[in-house]
Each structure stands twice: as structure tokens, then as C-alpha cells.
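Report on one structure; see the data block that follows.
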Amino acid sequence: MADFVEVASADDLARRVAELGEQISADYAGREPVMIGVLNGCVPFFADLVRAMSIDLAVDFLSLTRFDGSGRVGMALDAGVPLGGRDVILVEDIVDTGLTLVTLRKVLELHGLASLATVALLDKAPRRIVEVPLEYRGFEVGDEFLIGYGLDWNHLYRNARSLWAVMDLSVLQGDVDAFAPYAYPATV
Ligand code: 5GP
């Protein structure tokens, strides 16, 4: 079996992101939502999604800090944008166990929002260990480890244009460059 399998091509991603942008624009017509990207994995998806939207919106970002070992999660909100009374849409790369999203929602809800929804490009639904609302999702995926289009392996490959499943993690563990020919295929 191949070590890396393409799960969604650049065209598949563009098509689905365009649909999400259209759907969210219709649902939020006249409301000027604040789109908050969860760094770092959201970056390509976020940039494509907001450009697929056809309504006024604000953008902001937050990042998570994980405290080693304790399982506690901290949050730094960029928040030039005051959130009180606003319709907030969290933009995530992937929801896996759901633990990150539960924590983020709790913290954001303290800001007295008008509403809170989440859009995740990818939903690893079978791996969920906590119930959490997910209003919009791009694709439901299995439990393989995914890289590309924002998702990394040790800080690498977020810039791959398509999304891949790693079928044998030991290949990357042994040689981080093994994915490079897939991530950056010749373009001529
Ligand atoms: P959760 O708290 O839902 O378990 O985790 C969500 C976070 O785990 C994602 O934002 C992402 O950073 C990371 N993650 C989950 N599954 C994958 C995956 O298949 N590939 C990569 N690169 N990161 C993942």
C-alpha cells in the first residue's frame, strides 16, 4: 500500500470551500460575523473561506497553548475586535476528539456573544470523545493522520496544496522528507 494517499485534491478543496462560503454567507446575510481562525492549522482554509464569502465580516485569530503533561489548555485571543454582542464563527482545521473545541467555546462564551458557531474543514467524527456542536464542516474523514492544506507534521507541510492521509507514520518518523515529493510535485 502507498505510504501517502490523497484524500482531497486542491480542486476538491476549492470546490467544497466555495460551497461553505456560499452557505455561510446566506445564513449570515446582514449580520457581519467575526470570523476567528484557530492558529496555526486554519491558515490556508481561513484565507480561502473568507474570500469565498460575499458578506461584510471581521477577521481575528486565536492561538492555543498546551501546558505539557497537565492537559490544560490556555488561549491567547488576538482580538483587536471586541466580541460582545457579535455573531462569532470559529474556523478550525479539524475537529478530532472535540476537546479543543469544547474549551474554546467555553472561553468565547464568556465574552457575551450574540451567537457562536464553528466551521471545521474536517470532521473526524468517529474519534469524538465529547459532544460538541459543529455547525459547518467541509468533509467527514476517517481516523488516519492527515497532512497538508494547513495540517502539519512537526511544523512542516502546512503549505501542501492538497490533503493527504499518512498510511504509515513510521515512514515520516524515520524520514521527515519522505512526503516532500507528494507535497511539492513538479508543476510543469
Ligand atoms: P481535538 O481537541 O479535537 O482532539 O484536536 C484538534 C487538533 O488536533 C486540531 O486542531 C489539530 O491541530 C490536531 N489534529 C487532529 N487530528 C489531526 C490530524 O489528522 N493531522 C494533524 N496534522 N493534526 C491533527
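Start at 1 and go down the list; that is how both ligands and their atoms are numbered.
Heavy-atom distances between Gly41 and ligand 1 stay at or above 4.0 Å for every pair. In this structure, Glu144 counts as a contact residue of ligand 1, since one of its heavy atoms falls inside 4.0 Å of the ligand. Residue contact annotation: Arg128 has no non-hydrogen atom under 4.0 Å from ligand 1. Residue contacts with ligand 1: Asp93 is included, with a non-hydrogen atom under 4.0 Å away. Within the structure, ligand 1 lacks Leu101 among the residues with a heavy atom less than 4.0 angstrom away.
Heavy atoms of other residues, nucleotides or ligands lying less than 6.0 angstrom from CZ of Arg158 number more than 12. Within a 6.0 Å sphere centred on CD of Glu140, heavy atoms belonging to other residues, nucleotides or ligands number more than 12.
Near Phe145, meaning under 4.0 Å from one of its heavy atoms, ligand 1 places the atoms 18 (C), 19 (O), 20 (N), 21 (C), 22 (N). Near Thr100, the atoms of ligand 1 lying under 4.0 angstrom from a non-hydrogen atom of the residue are 1 (P), 2 (O), 5 (O), 6 (C). Ligand-side atoms of ligand 1 in range of Gly98: 1 (P), 3 (O), 4 (O), range being under 4.0 angstrom from any heavy atom. Taking every heavy atom of Glu92 and a limit of under 4.0 angstrom, the matching atoms of ligand 1 come to 10 (O). Near Asp152, the atoms of ligand 1 lying under 4.0 angstrom from a non-hydrogen atom of the residue are 22 (N).
In this structure, the side chain of Arg16 engages the main chain of Gly138 through a donor-acceptor pair within 3.5 Å. Remark: the backbone N or O of Gly98 is not paired with any side-chain donor or acceptor of Lys124 at under 3.5 angstrom.
In terms of polar-atom proximity, Leu146 is counted as a contact of ligand 1, with an N or O under 3.5 Å from an N or O of the ligand. Taking only nitrogen or oxygen atoms, main chain and side chain alike, Leu151 does not reach within less than 3.5 Å of ligand 1.
For atom 6 (C) of ligand 1, the nearest non-hydrogen atom from the set Val130, Ile94, Leu99 belongs to Ile94.
The six-membered or imidazole ring of Trp164 lies near that of Phe179, with a centre-to-centre distance under 6.0 Å.
A side-chain contact (heavy atoms from CB on, under 4.5 Å) with Glu92 is found for one member of Val119, Leu121, Leu104 and no other, namely Leu104. The only member of Leu99, Thr100, Leu101 that meets side-chain contact (heavy atoms from CB on, under 4.5 Å) when paired with Thr97 is Leu99.
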Side-chain atoms of residues 35-56: list all donor-acceptor pairs with protein atoms under 3.5 Å, sequence neighbours left out, distances to 0.1 Å.
unit_1 : atom_1 : unit_2 : atom_2 : d
Asp48  : OD1    : Arg51  : NH2    : 2.8
Asp48  : OD2    : Tyr149 : OH     : 2.6
Arg51  : NE     : Ala47  : O      : 2.8

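Contact detail for Ser115 and Arg31: the closest heavy-atom pair is OG-NH2, 3.6 Å.
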